[in-house]
Each structure stands twice: as C-alpha cells, then as structure tokens.
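Heads up: the structure comes next, in structure tokens.
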Number of protein chains: 2
Amino acid sequence: MKKDISTEEKILTAAGQIFKSKGYAGARMQEIADKAGINKAMLHYYFRSKKMLFDKIFKEILSSFHQNIVKILNDDINWEKKIIVLTERFFLFVSKNKDIPIFIFNELHKNPEFFQKQLLRFETIRNSSFFKELKTEMEKGNIVKTDPLQVLIHIFSGMIFPVIAEPIISSIGDFNNDGFESFMYQRKEIIPKIIIEYLKNNGEK
Amino acid sequence: MKKDISTEEKILTAAGQIFKSKGYAGARMQEIADKAGINKAMLHYYFRSKKMLFDKIFKEILSSFHQNIVKILNDDINWEKKIIVLTERFFLFVSKNKDIPIFIFNELHKNPEFFQKQLLRFETIRNSSFFKELKTEMEKGNIVKTDPLQVLIHIFSGMIFPVIAEPIISSIGDFNNDGFESFMYQRKEIIPKIIIEYLKNNGEK
DNA sequence: GTCTATAAAGCGATAGAC
DNA sequence: GTCTATCGCTTTATAGAC
C-alpha cells in the first residue's frame, strides 16, 4: 500500500498511452521511460521485458472492456431500454477512449495468440440476460427472429466503427472536431431507433 | 512494357502482403525480400527506403478503396437498389480483403499525416449521385430526413466493422470459419433491409 | 540489375555502482 | 529502488564487385 503514485503505476500509465497510440511494434521503451519520468532500466526492473509489460496492459484493457459489456448486458431492464442504454454507454466510452478500439482490434489481428492467453469467458455474453430476453421475445413472436449476436454487433459497429474510421469520415464530411462530435451525437440517437424499429417490425415474418 | 513479372512488381506484391499483415512498424525489409525471392539491397535500389516503399503501397490501397466507393455511389440506379448493391459490394470486398480495413484505419490512426499527403478528393463522395438522390428524396418527404453520410456509415460500419472485430465476434459466437462466414452472409441481407426500412418510415417525422 | 558484405544506427536488455 | 554505462542483437541502408 503506497500513498504516492508509485513508479509501477507511473510506468503502467505511460506505457498504456504509448502502446495505444503506437501499437506494440511501434512503441519504444525509451519513449515510455521518458513519459514516465524514469529511465529504461526501471522498466525492466518492474516488468522484465517489453512483451511482459505489453501483455499486462493489453490484458487489463481487454478485460475491462469485456466486463463493461457484460455488466450492461445483465442490467435488469427490458431489451428495448437496454439497447438504448448500451448505445449510450458505448457513446460515452468511445468519446473518452478514441484509441482503444483500434488498438484492441489491431493487436488481436496482428497477434492472434494474444487472444487465447487472455482466457476471456465470452460465453458470459452469449448467456447474458440481454441475449436470453431477445430469444424469448423472438419465440413469442414479439420481435423479428434473428441472431441476438447480430443485434449486439449492430450496436457495436454503429458506435465503435465511426471512431475507428474517424479520419476518413471527417474528410468525407469535411468536419472539424465539433463536426465529428455532433455526427457521433446524432448516431447515438439514430442507432437504437433503427434497431428497435427493425426488431419490432413483424409485418414481414 | 515488360512481359514477365518484373522485380518491381514482385516487390510490391510481397511488400503489400507483409505490410498488411504486420503493419508498417512491424514489417521487416528482410521478410519482404524473402517473400519476393530477392535480397534486401534490391528493395532499396527500387524504392530507396522502407518509408517510400510503404507510402507507395499505402497510397495505392487507399486510392483503389476510394475509387471503388465513388464508382458505386455514382451508379445509375435508384437509392434503394444502390444501398443493396453497395452492401453486396462491400460484402464481396471484405470477404476477399479481410486485412485491408484494419490496415488502413490503423496506419491512419498512427500516422495521421499520411492522410494529407494522399490528397484524396473526398468531396467526390459528398457530391455523388447517391448523396444527391437521398437529399432530394428527403426534401420531397419520401424518406426520413437525416445526413446522407450517416446512411453511408451505416453500410460501412455494418459490413466493415465485423471483419475488423472478427476475432472477438467469433469468440462470442463460438464460431469456426464457416460460422463467421455465414454470420457475414446474414448481415449482407439484414443491413440494407434495416436501413431502407428506417428511411422509408415516415410515420415519425 | 543483382548480388555479397558491411556500415551505421536503433533498440531491448543487463551489469554494477550507489 | 534508481541510476549510468554498455552489451549484443536487430534492422535499415549503402558500397562495391560482377
């Protein structure tokens, strides 16, 4: 139990920033040390190697990302409200963590074996109350029959993708910073509306 | 005009594969040379430096990506059919080029200045017949009033995001390769349906 | 144009003093 | 725990023979 910000914490904070902006391959131990206000030797003293330092950070980020999702999916509210809340949470998350999604997906893409090591229990998502409730409603014929995972990915993609593609979207839209912000704010309203409207439309099936 | 596959082409092909799978920072000139079946010195003879080789490839990939989009957006078919065709094309594109989206977005994220150098004319997207037709329909009150760019991003995100997030989606869904393929095939049908349904719903506004 | 050999710099990691 | 100095390997890039 240390009172001040410990060296270990300073390293983790600095390394997190560098890894997120440069990726594993592009990050430099020297740069992390500089940002943490210490020297390279300390990085190895605390974490042995670049790889082990990265693994620790990546695991933390992925795990907290995962836990956030599971928590919301199990909230005790009905599916319709949950879609709205889920979108809202993702909006807040990506607004504050613009570089986390691309970081996670990129590192997983370039280093698939990272994934197995994380031992994330993704069946917790499949078994969430959100998935169960959607399935029940589908069986009752109250909403369109579809894979609940498709619904979840509609929300994910709708809110996460734009942050990944921000440079291109801002170019197409000729946005400044505020322009993109308001673009995202609009999406936060549109996405749940579209999905709920689709699910409720029973005229076709 | 050379008849056989020139050394330059062999280098570009090999470098494209390596850069797409490892990224700029993670790619090694030695690995590119090996894959091209030549030695490192030739890489520098033809392209001077790693950076210049990368720039050439990145520019080509981004430009062809851009041109494909513009072409479809200006196809002479009505907006509704165009949404379906656009989704279909993206489906085919990402099926064959799973690593291109993450590559583009990641490199743009880590090196924003690349973007300015490309001098891509994105107003060609804003000025496409697709955007114009959507605006006309909105003014006529035939479809819901929204930013046409939002509509385009619905399609982009709906079809491109899942490929970027494949490892996570496959984990959640407990998919093997075929499982993910069929997940994408479903999306190809769902996405345009959802969007068109939403746009046609005039009951609310 | 293509190769081998090597320079030159970068970088992760360690030794050892304090 | 923290520092400086340095090792040893990797990697980009070049020189020069053919």
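Letters A, B, ... are given to chains in the order of the sequence lines, protein chains preceding strands, and every chain is numbered from 1.
- Summarising the geometry, the separation between OH on A:Tyr46 and P on C:dT14 is reported as 17 Å, rounded to the nearest angstrom.
- Going from atom CD1 of B:Ile18 over to atom P of D:dT12 covers 12 Å, rounded to whole Å.
- For the pair B:Lys50 NZ and D:dT12 P, the interatomic distance rounds to 5 Å; values are reported in whole Å.
- B:Tyr198 does not carry A:Lys193 over the face of its six-membered ring by the limits of under 6.0 Å from the centre and within 45° of the normal.
- With rounding to whole Å, B:Phe54 atom CZ is found 19 Å from D:dA13 atom C1'.
- Between D:dC3 and A:Asn39, a contact under 4.0 Å exists linking OP1 or OP2 to a side-chain N or O.
- Comparing A:Tyr45 and B:Gly37 by the nucleotide of DNA chain C whose heavy atom lies nearest to each, the residue mapping closer to the 5' end is B:Gly37.
- Residue A:His44 places no side-chain N or O under 4.0 Å from the OP1 or OP2 atom of C:dT14.
- The nearest whole Å value for the distance from the CE atom in A:Met42 to the C1' atom in C:dA13 is 14 Å.
- One interatomic measurement links the two molecules: CG of B:Leu53 to C1' of D:dT11, which rounds to 15 Å at whole-angstrom precision.
- There is no side-chain donor-acceptor pair under 3.5 Å between A:Thr13 and A:Lys35.
- Rounded to whole angstrom, the span from the CZ atom of B:Phe47 across to the P atom of D:dT14 amounts to 15 Å.
- Computed from coordinates, the B:Leu43 CG to C:dG1 P distance equals 15 Å when rounded to whole Å.
- Atom CG of residue B:Asn111 and atom CG of residue B:Asp55 lie 8.5 Å apart, to the nearest 0.5 angstrom.
- Residue B:Arg28 places at least one side-chain N or O under 4.0 Å from the OP1 or OP2 atom of D:dT12.
- In this structure, B:Met29 reaches the sugar-phosphate backbone alone: every heavy-atom distance under 4.0 Å involves primed, P, OP1 or OP2 atoms, never a base.
- Out of C:dA13, D:dC3, D:dT14, the shortest distance to the side chain of B:Ala41 is found at D:dT14.
- Taking side-chain N and O atoms only, B:Thr7 has a distance below 4.0 Å to OP1 or OP2 of C:dT2.
- Side-chain atoms of A:Lys110 and A:Asn106 form a donor-acceptor pair, as typed in the model, at a separation below 3.5 Å.
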Exercise for the section: Go through the steps for B:Phe122 and B:His66 under the test ring-ring contact (aromatic ring centres under 6.0 Å, His included), then give the verdict. Expected result: CA-CA 8 Å; B:Phe122 277 108; B:His66 175 236; 4.9 Å; yes
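- Note on B:Ala27: only backbone sugar-phosphate atoms sit closer than 4.0 angstrom, heavy atoms only; bases stay farther off.
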